[in-house]
Each structure stands twice: as C-alpha cells, then as structure tokens.
Amino acid sequence: MKQIHLVKLLFIRMINILRNTPKFIFLTTSSILLLLTVIPLYYPNLISYSSSYFDLKLGCDIFRGEWIWNPEATYYTNATCNYIHDHQNCMKYGRPDTDFLKWRWKPNDCELPIFDPVQFLELLRGKSMAFVGDSVGRNQMQSLMCLLSKVENPVEISSTDEWHFKRWKYTNYSFTIQTFWTPYLVRSEQEEVNGPTNSGLFNLYLDEFDLKWTTKLHQFDYIILSAGHWFYRPAMFYENGKLVGCFYCLRDGVKDFPMSYGYAKAFQTAFKAINSSPKFKGKTYLRTFAPSHFEGGTWNQGANCHRKKPFKSNETQLEPKGLSLYNAQMEEYRVAKEEGKKTGKRFRLMDITPATLLRPDGHPSSYGHWPQENVTLYNDCVHWCLPGPIDSWSDFLLEMLKTDK
C-alpha cells in the first residue's frame with residue numbers, strides 16, 4: 001500500500017510541475033497509462049484500492065489517508081439529534097469511552113474540510129436525495145441528518161408509516177431526503193426463516209428490478225447507492241426465472257457460487273435500472289462496501305469489537321470475502337459508468353472502504369440496548385455508533401458535491 005501511495009504522490013507532483021507546459025496533456029495521459037500498467041503487475045490484489053483516484057475531479061485522492069486526533073469533535077450528540085436509531089445510540093446505552101469520537105480523516109496529500117451543514121443545504125437547495133440500500137445506508141442518512149440538525153430539523157412528509165421508506169423535507173431550503181430499504185437492491189423474498197446459518201435463506205432474482213425504488217428514481221436529483229452485509233447470508237440465485245445456483249444453501253444438486261457472484265449481479269441490475277430509466281436525470285453516487293470488524297469468532301458465535309482507537313493504514317487489510325465484494329462492486333461501477341455515458345447518466349464513486357476499514361472502534365457492539373434487557377441481539381460490529389466515524393462520510397459527500405458544482 002505504501003508503494004502505491006508513493007507512486008501516486010510522485011504522479012501528483014509531476015502533474016503540478018508540468019501543468020503549464022505545452023506537453024501537459026500528452027505527459028498526463030502517458031503517465032496514467034504507465035501507472036495503470038505497472039501497479040497491476042506488481043500489486044494485483046491492491047489495484048482496486050487506487051481506482052477512486054482516477055474518478056475524482058480533485059488534485060488529491062481524498063479517500064487515501066489516516067485518522068488523526070481531532071479534539072474539536074463531536075458536532076452533535078445523542079441528546080441534540082433525534083434521528084439516531086436506538087441500536088446505534090451507543091452513548092444512550094452506556095458506552096463508557098468517548099475517545100472514538102475524537103478523530104477526523106486526513107487525506108495523504110491534502111485537507112478534507114469538516115462537514116459544513118449550511119454549505120451542504122445551500123448546495124442542495126431545491127434538490128432531493130435518496131439513500132438506496134440496507135440499514136447501513138439508513139445509518140449513513142441518519143448521520144447526515146444529525147449533522148444537518150445544527151441548522152434545521154426537517155418535517156416528515158412520508159407517505160407511509162414504515163421506517164424503511166421515510167421521507168423528510170428541510171423547508172427553509174426545499175431539500176428532501178428519503179431512505180429506500182432494499183438490502184439486495186434487486187427483487188428478493190425470504191425462503192426460510194432460519195436457513196443453514198440461522199440468519200435466513202433468501203431468494204434473489206438477480207436480473208429483476210426492485211420496483212420499490214426503481215420506479216421512484218425520477219423523483220430524485222441524487223441517489224446514494226450501497227449494499228453489503230446481507231450478501232453474507234445464504235441465498236438462492238434466480239436468473240431468467242430459473243434457479244441457477246446459490247450461496248451456501250447446502251442443497252443437493254444446486255450449484256454453489258461465491259458470495260461475490262450474487263453481489264456483482266445485483267449491482268449490475270441496479271445500475272441497469274438507473275441507466276435504462278428515461279426520466280432519471282440526476283447523479284448516482286456509489287458508496288462502497290463498509291467493512292465489519294468482528295473479532296474472536298463469527299458474528300453469531302460470540303464475536304465482538306471492543307477496540308478503542310483506529311488502525312493505521314499499515315496495520316490491517318480487508319479480509320478476503322470483503323475484498324471480493326469490493327472488487328466486484330468496483331468492476332460493476334466501471335462498466336455502468338461507461339454505459340451511462342451513452343445516455344448522459346452520471347456516476348460518482350464515494351470510496352469509503354479504505355477509511356472505514358481502519359475504524360474497528362466505531363461499532364455499537366453490545367451498546368445498542370440496556371444490559372438488563374431481554375433481547376435476542378448479537379454484538380453489532382456492522383452498524384456504526386452515532387455520533388461516530390461514519391460522520392466522515394458526509395465530509396466526503398460534501399467535498400464531492402462541491403467539485404460537481
């Protein structure tokens with residue numbers, strides 16, 4: 001990783017030196033081609049980690065860096081924000097340490113400004129944004145709403161009482177925000193309550209749109225698309241109406257696919273829904289895979305996440321299954337972005353994976369309920385405490401929105 005960063009750093013500096021020379025365009029193109037050729041040869045397992053660099057309109061890769069101490073944080077509390085889901089309300093339920101709140105993300109080659117709620121709302125004045133994905137996507141939206149609560153609390157304008165599809169409006173800015181809960185992004189249904197791992201068995205129709213969100217695309221200026229940990233559960237894969245295989249279904253005569261197969265197909269179909277929508281004129285931001293941090297066992301057999309501070313970038317790496325999902329996601333994004341150019345669809349990459357990988361200290365663990373409560377919950381090392389590390393995702397989002405303007 002350090003070697004890749006060194007190559008990129010030299011590349012950035014060379015660009016800055018040569019920017020005013022007549023040969024800038026030729027040299028820039030040649031340099032990019034050289035980097036894309038050399039890095040895969042020497043670091044084939046890490047090439048995806050550098051992909052977002054070439055997607056940014058910035059002079060710096062804001063997604064590569066380290067967490068540094070920030071005594072100014074936090075910017076809201078569980079007492080000042082009313083949008084925190086109980087299971088992520090770590091301070092309410094007695095988490096004793098607070099140092100995990102005092103960090104901010106520092107890119108290697110530049111500064112990333114702390115989220116400015118007034119600037120965000122001004123940029124999004126008269127616009128609409130939808131968070132499409134699973135409960136970590138909802139977690140992200142609630143983080144954003146907490147940060148915005150310093151300026152304004154929205155009015156709920158939902159057409160349903162179901163939390164999975166809530167909508168709010170910031171009336172002073174005519175900005176609307178909504179969540180669409182679609183953990184697989186495609187049409188799905190539960191086949192068995194327990195399944196092979198006691199986490200359910202699901203039928204995934206990998207080439208069929210989930211109409212709950214795809215029919216509403218045209219209502220939004222920005223789509224924040226994400227998916228992740230539901231794909232760790234056993235699933236049956238259907239294509240063209242026929243069972244083609246599964247992930248860990250343990251059924252005789254059914255072909256077993258890797259987890260990444262269904263993940264890639266689901267994103268392929270989600271991107272197809274966006275690219276084929278004639279009415280959708282907005283932008284799609286792919287928020288990449290957010291790693292979990294279970295230690296000491298599996299998620300449903302005693303694993304936990306008790307660390308108190310971030311990792312350094314050289315102290316950990318994405319586990320193989322997570323890396324396979326990340327790589328599959330990145331590949332489908334690249335394909336969709338190229339395809340979208342044909343019809344004027346616009347895609348951006350919010351590559352939070354490297355930064356989020358370094359925050360094993362930011363999960364609720366057992367602090368999502370009172371210790372004496374009779375609840376059947378595993379230690380949560382998937383979702384994120386609020387306030388907490390994923391507040392930085394709004395730092396990334398605002399910086400990208402600014403460059404879009």
Side-chain angles (χ1 to χ4, degrees), residues 1 4 45-52 61-67 87-88 90 100 103 105 131 133-140 143 183-185 199 224-233 247 258-260 262-264 266-267 285-300 303-333 349-365 368 378-386 388-397:
M1 187 72 73
I4 292 178
N45 295 326
L46 298 178
I47 180 58
S48 55
Y49 278 85
S50 65
S51 302
S52 66
D61 184 352
I62 60 173
F63 301 116
R64 304 298 176 269
E66 301 284 354
W67 291 94
H87 295 323
Q88 285 92 58
C90 305
F100 77 98
W103 300 88
W105 182 248
F131 287 80
D134 58 18
S135 53
V136 176
R138 184 189 66 205
N139 203 176
Q140 179 185 6
S143 165
Y184 291 112
L185 301 179
S199 59
I224 313 297
L225 187 71
S226 63
H229 294 280
W230 278 74
F231 286 85
Y232 281 74
R233 302 175 185 226
F247 168 65
M259 179 192 308
S260 58
Y263 194 67
F267 270 101
Y285 283 42
L286 172 63
R287 196 266 292 154
T288 59
F289 177 71
S292 62
H293 293 91
F294 290 102
E295 294 185 72
T298 57
W299 67 272
N300 58 350
N304 216 322
C305 40
H306 284 316
R307 292 184 183 267
K308 307 298 184 187
K309 65 179 183 179
F311 286 124
K312 295 290 187 182
S313 60
N314 62 355
E315 292 177 338
T316 189
Q317 59 184 358
L318 202 55
E319 48 87 19
K321 286 183 179 178
L323 182 60
S324 72
L325 297 189
Y326 178 79
N327 285 337
Q329 185 180 49
M330 297 291 276
E331 179 57 29
E332 295 305 327
Y333 168 81
L349 184 68
M350 188 189 304
D351 189 6
I352 58 86
T353 305
T356 310
L357 174 65
L358 305 183
R359 294 308 304 268
D361 55 327
H363 300 285
S365 183
Y378 299 107
N379 295 320
D380 188 352
C381 303
V382 171
H383 299 93
W384 301 88
C385 294
L386 295 182
I390 68 167
D391 292 329
S392 66
W393 294 1
S394 291
D395 299 345
F396 293 135
L397 177 59

Grab the two heavy atoms, one from [X] and one from [Y], that are nearest each other, plus how far apart they are.
| X | Y | answer |
| --- | --- | --- |
| A328 | A264 | CB-CB, 3.9 Å |
| F311 | E66 | O-OE1, 4.4 Å |
| P310 | P360 | CA-CD, 4.4 Å |
| G65 | S313 | O-CB, 4.2 Å |

Hey, can you tell me if [X] and [Y] have their rings parallel, tilted or perpendicular (30° and 60° cut-offs)?
| X | Y | answer |
| --- | --- | --- |
| W105 | F396 | perpendicular |
| F267 | Y263 | perpendicular |
| H293 | H363 | tilted |

Looking at [atom1] of [X] and [atom2] of [Y], how far apart are the two atoms once the value is rounded to the nearest 0.5 Å?
| X | Y | atom1 | atom2 | value |
| --- | --- | --- | --- | --- |
| L286 | Y333 | CG | OH | 7.0 Å |
| T356 | F63 | OG1 | CZ | 10.0 Å |
| L318 | T353 | CG | OG1 | 7.0 Å |
| S324 | M259 | OG | CE | 6.5 Å |
| K309 | R307 | NZ | CZ | 10.0 Å |
| R138 | S226 | CZ | OG | 12.0 Å |

Would you say the side chain of [Y] lies within less than 4.5 Å of the side chain of [X], judging by non-hydrogen atoms?
| X | Y | value |
| --- | --- | --- |
| H383 | V136 | yes |
| Y232 | L325 | yes |
| N379 | C305 | no |
| L323 | Q317 | no |
| S260 | N327 | no |
| L185 | L225 | yes |
| R287 | L397 | no |
| P364 | H87 | no |

N/O donor-acceptor pair under 3.5 Å between [X] side chain and [Y] backbone:
| X | Y | answer |
| --- | --- | --- |
| Y184 | A266 | no |
| H229 | A290 | yes |
| Q329 | F289 | yes |
| Q140 | I390 | no |

* Asked: Does any donor atom in the side chain of D351 or Y326 lie under 3.5 Å from an acceptor atom in the other side chain?
  -> yes
* In terms of side-chain heavy atoms, does W103 have a donor or acceptor partner in S392 at a distance below 3.5 Å? -> no
* To do: Might you work through the side-chain contact (heavy atoms from CB on, under 4.5 Å) test for C385 and F100, ending with a clear yes or no?
  => CA-CA 10 Å; C385 294; F100 77 98; 3.8 Å; yes
* To do: Show the numbers, then the answer: is there a side-chain contact (heavy atoms from CB on, under 4.5 Å) between F294 and V382?
  => CA-CA 8 Å; F294 290 102; V382 171; 3.7 Å; yes
* **Neighbour count >12 (heavy atoms, 6.0 Å) for atom NZ, K308** => yes
* Asked: Taking it one step at a time, do L358 and E315 satisfy side-chain contact (heavy atoms from CB on, under 4.5 Å)?
  -> CA-CA 8 Å; L358 305 183; E315 292 177 338; over 6 Å; no
